[in-house]
2 protein chains.
Amino acid sequence: MAFHLLQRNRDGAQRLAEALLAAMAGVNHCERCRNLSDIPLCAICASERRDPSVLCVVENPADVQSIEQAAAFQGKYFVLIGRLSPLDGVGPEAIGIDKLKNLLNGGEVKEVIIATGATAEGEATAHYIGEVARATGLRATRIAHGIPLGGELEYVDSTTLSHAIACRRDL
Amino acid sequence: MAFHLLQRNRDGAQRLAEALLAAMAGVNHCERCRNLSDIPLCAICASERRDPSVLCVVENPADVQSIEQAAAFQGKYFVLIGRLSPLDGVGPEAIGIDKLKNLLNGGEVKEVIIATGATAEGEATAHYIGEVARATGLRATRIAHGIPLGGELEYVDSTTLSHAIACRRDL
C-alpha cells in the first residue's frame with residue numbers, strides 16, 4: 001500500500017492522511033454507551049425510535065455494527081471496549097463497569113442482553129455483568145450458543161456440539 | 001490417486017479393491033437405528049451401557065460419528081439417512097419414519113433429541129419429527145442453535161446473530 005501511494009497516488013495519500021487526522025481528532029466515545037462516535041451522544045443513544053428498556057452489552061464497536069447489520073435488535077447498546085482479563089490486567093474499571101452500573105441504576109433499563117463473545121474471557125465477562133445486573137434487580141439474558149444456522153453437524157466442532165446437545169430446547 | 005496406484009503401489013490398489021468389495025458386501029444398516037453396521041444390530045444399539053430412554057435423531061451416519069467424538073451423548077441414535085425434501089422426491093417413507101414410529105411406540109424412549117442440520121430442510125424435518133414424537137406423547141427437544149463456542153460476534157453471519165439474540169436465555 002505504501003509503495004502504491006508513493007508511486008502512483010500521492011494525492012490519495014494526502015487525502016488519507018487528512019482523513020486519519022480528522023478521525024483521530026473528531027471521533028471519541030459516546031458518553032452514554034462508550035461506542036465510537038463523532039458527537040458526544042451517539043445516534044443510537046440519542047434516537048427516540050430505539051427501545052431504552054433493553055440494553056445489549058457487547059465487547060467492541062465492531063459488534064454493534066454486526067448486530068445493526070443483522071437488524072435483529074431495536075434496543076440500545078453498551079460497549080465494554082474489551083473484556084475482563086485479569087492476566088492482562090484488565091479489570092472491571094477498564095471495561096467501564098461503573099458507567100454501566102450508572103446506566104442500569106437509571107431506571108430506564110429493564111433487561112440486559114449480554115452479547116460478549118463465546119470465548120473463555122467473554123463468558124467470564126458475561127457472568128460478571130450478569131451478577132451486576134441481577135444485583136440491580138434487572139433481568140439478565142445471554143445470547144444463544146450452539147450450531148450456527150445453515151450448519152451441518154458434521155462440520156461443527158466437538159465443544160459446540162456438546163453444548164448444543166446439553167442446552168437443547170423443548171420443541 | 002489413480003496414477004499413484006498404477007505407477008507405484010499396485011499391491012495397495014489390490015488391497016484397496018478387496019477392502020472396498022468386503023465393505024460393500026459386509027456393511028449394511030443396523031436394523032434398529034439404520035446406522036451403517038457390519039452386524040445386524042449395531043454396537044450402540046446392542047450396548048447395555050447406553051441409555052435407551054433418550055433417542056437422538058440425526059441425518060447421516062457421519063453425524064453419529066461427530067456426536068460420539070464429542071462424547072456428549074449417552075443415549076441411542078436413529079439415523080434418517082437423508083432429510084425431508086419434497087422437491088427431490090424425498091418423503092417420510094424414504095427417511096424411515098415408519099421404523100422411527102415403531103421405535104417410539106416401543107415404550108423405552110422417553111425423549112427424542114432432534115439433531116438434524118440447521119438448514120431449511122433440516123428444520124422442516126425437525127418439525128415433522130417433533131410432531132411425530134408429540135403424537136406419541138413423548139418429549140421432543142431440538143439441539144441449540146446460535147453463536148458457536150469460541151466465536152467472536154464480529155465473524156458470525158447475520159442470520160445466526162439474529163437467531164442468537166431472539167433465542168437468548170435467562171442467566
Side-chain angles (χ1 to χ4, degrees), chain A residues 54 56 58-67 69-73 75 111-120 122-123 126-127 129-131 133-134 139-171, chain B residues 54 56 58-67 69-73 75 111-120 122-123 126-127 129-131 133-134 139-171:
Chain A
V54 194
C56 183
V58 298
E59 289 179 13
N60 294 303
D63 299 335
V64 173
Q65 206 178 5
S66 299
I67 297 177
Q69 276 166 1
F73 180 65
E111 177 185 352
V112 184
I113 302 180
I114 306 170
T116 53
T119 57
E123 286 297 333
H127 181 77
I129 294 171
E131 294 292 316
R134 266 196 303 261
R139 183 183 172 205
T141 53
R142 182 86 173 100
I143 51 168
H145 295 137
I147 316 280
L149 296 196
E152 301 274 359
L153 255 61
E154 199 179 335
Y155 306 111
V156 171
D157 64 285
S158 306
T159 325
T160 301
L161 201 46
S162 301
H163 176 91
I165 292 176
C167 296
R168 60 189 182 269
R169 298 166 160 263
D170 278 292
L171 271 183
Chain B
V54 193
C56 183
V58 297
E59 289 180 11
N60 293 305
D63 299 335
V64 173
Q65 206 176 6
S66 299
I67 298 176
Q69 276 166 1
F73 180 66
E111 176 185 352
V112 184
I113 301 179
I114 305 171
T116 52
T119 57
E123 286 297 333
H127 181 78
I129 294 172
E131 295 290 317
R134 266 196 302 262
R139 182 184 172 203
T141 53
R142 183 87 171 101
I143 51 169
H145 295 137
I147 316 280
L149 297 197
E152 301 275 357
L153 255 62
E154 198 179 336
Y155 306 112
V156 171
D157 64 287
S158 305
T159 325
T160 301
L161 201 46
S162 301
H163 176 91
I165 291 176
C167 296
R168 60 189 182 269
R169 297 164 161 264
D170 279 292
L171 271 182

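Just so it is clear: chains get the letters A, B, ... in the order the sequence lines come, proteins before strands, and each one is counted from 1. Note that the structure is predicted; figures quoted are calculated from it, not measured. Hydrogens, waters and symmetry mates play no part in the numbers below; they use all other heavy atoms, side chains included.
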Using non-hydrogen atoms only, which part of [X] is less than 4.5 Å away from chain A: side chain, backbone, both, or neither?
{"X": "R139(B)", "value": "side chain"}
{"X": "E59(B)", "value": "side chain"}
{"X": "E123(B)", "value": "neither"}
{"X": "A126(B)", "value": "backbone"}

Side chain, backbone, both or neither of A166(A) within contact of chain B (heavy atoms, under 4.5 Å): neither

If you tally heavy-atom pairs under 4.5 Å against chain A, which of [options] wins?
{"options": "E111(B), Q65(B), R142(B)", "value": "R142(B)"}
{"options": "N60(B), T141(B), V112(B)", "value": "T141(B)"}
{"options": "G117(B), G130(B), A115(B)", "value": "A115(B)"}

Can you name the residues that form a side chain to side chain contact (heavy atoms under 4.5 Å, CB included) with E131(A), not counting sequence neighbours? H127(A), R134(A)

Show which side-chain atoms of residues 151-158 of chain A pair as donor or acceptor with protein atoms under 3.5 Å away, not counting sequence neighbours.
| from | atom 1 | to | atom 2 | distance (Å) |
| --- | --- | --- | --- | --- |
| E152(A) | OE2 | R83(B) | NH1 | 3.1 |
| D157(A) | OD1 | T160(A) | OG1 | 2.8 |
| D157(A) | OD2 | T159(A) | N | 3.4 |
| D157(A) | OD2 | T160(A) | N | 3.1 |
| D157(A) | OD2 | T160(A) | OG1 | 3.1 |

From [X] atom [atom1] to [Y] atom [atom2], the distance as rounded to the nearest 0.5 Å:
{"X": "T119(B)", "Y": "I147(A)", "atom1": "OG1", "atom2": "CD1", "value": "11.5 Å"}
{"X": "D63(B)", "Y": "L161(A)", "atom1": "CG", "atom2": "CG", "value": "8.5 Å"}
{"X": "I113(B)", "Y": "L171(A)", "atom1": "CD1", "atom2": "CG", "value": "11.0 Å"}

Taking all non-hydrogen atoms of both residues into account, name the closest pair between [X] and [Y] and its distance.
{"X": "A118(B)", "Y": "P148(A)", "value": "CB-O, 3.6 Å"}
{"X": "C167(B)", "Y": "A144(A)", "value": "O-CB, 3.4 Å"}
{"X": "R168(B)", "Y": "I143(A)", "value": "CB-CA, 4.0 Å"}
{"X": "S162(A)", "Y": "A70(B)", "value": "OG-O, 3.4 Å"}

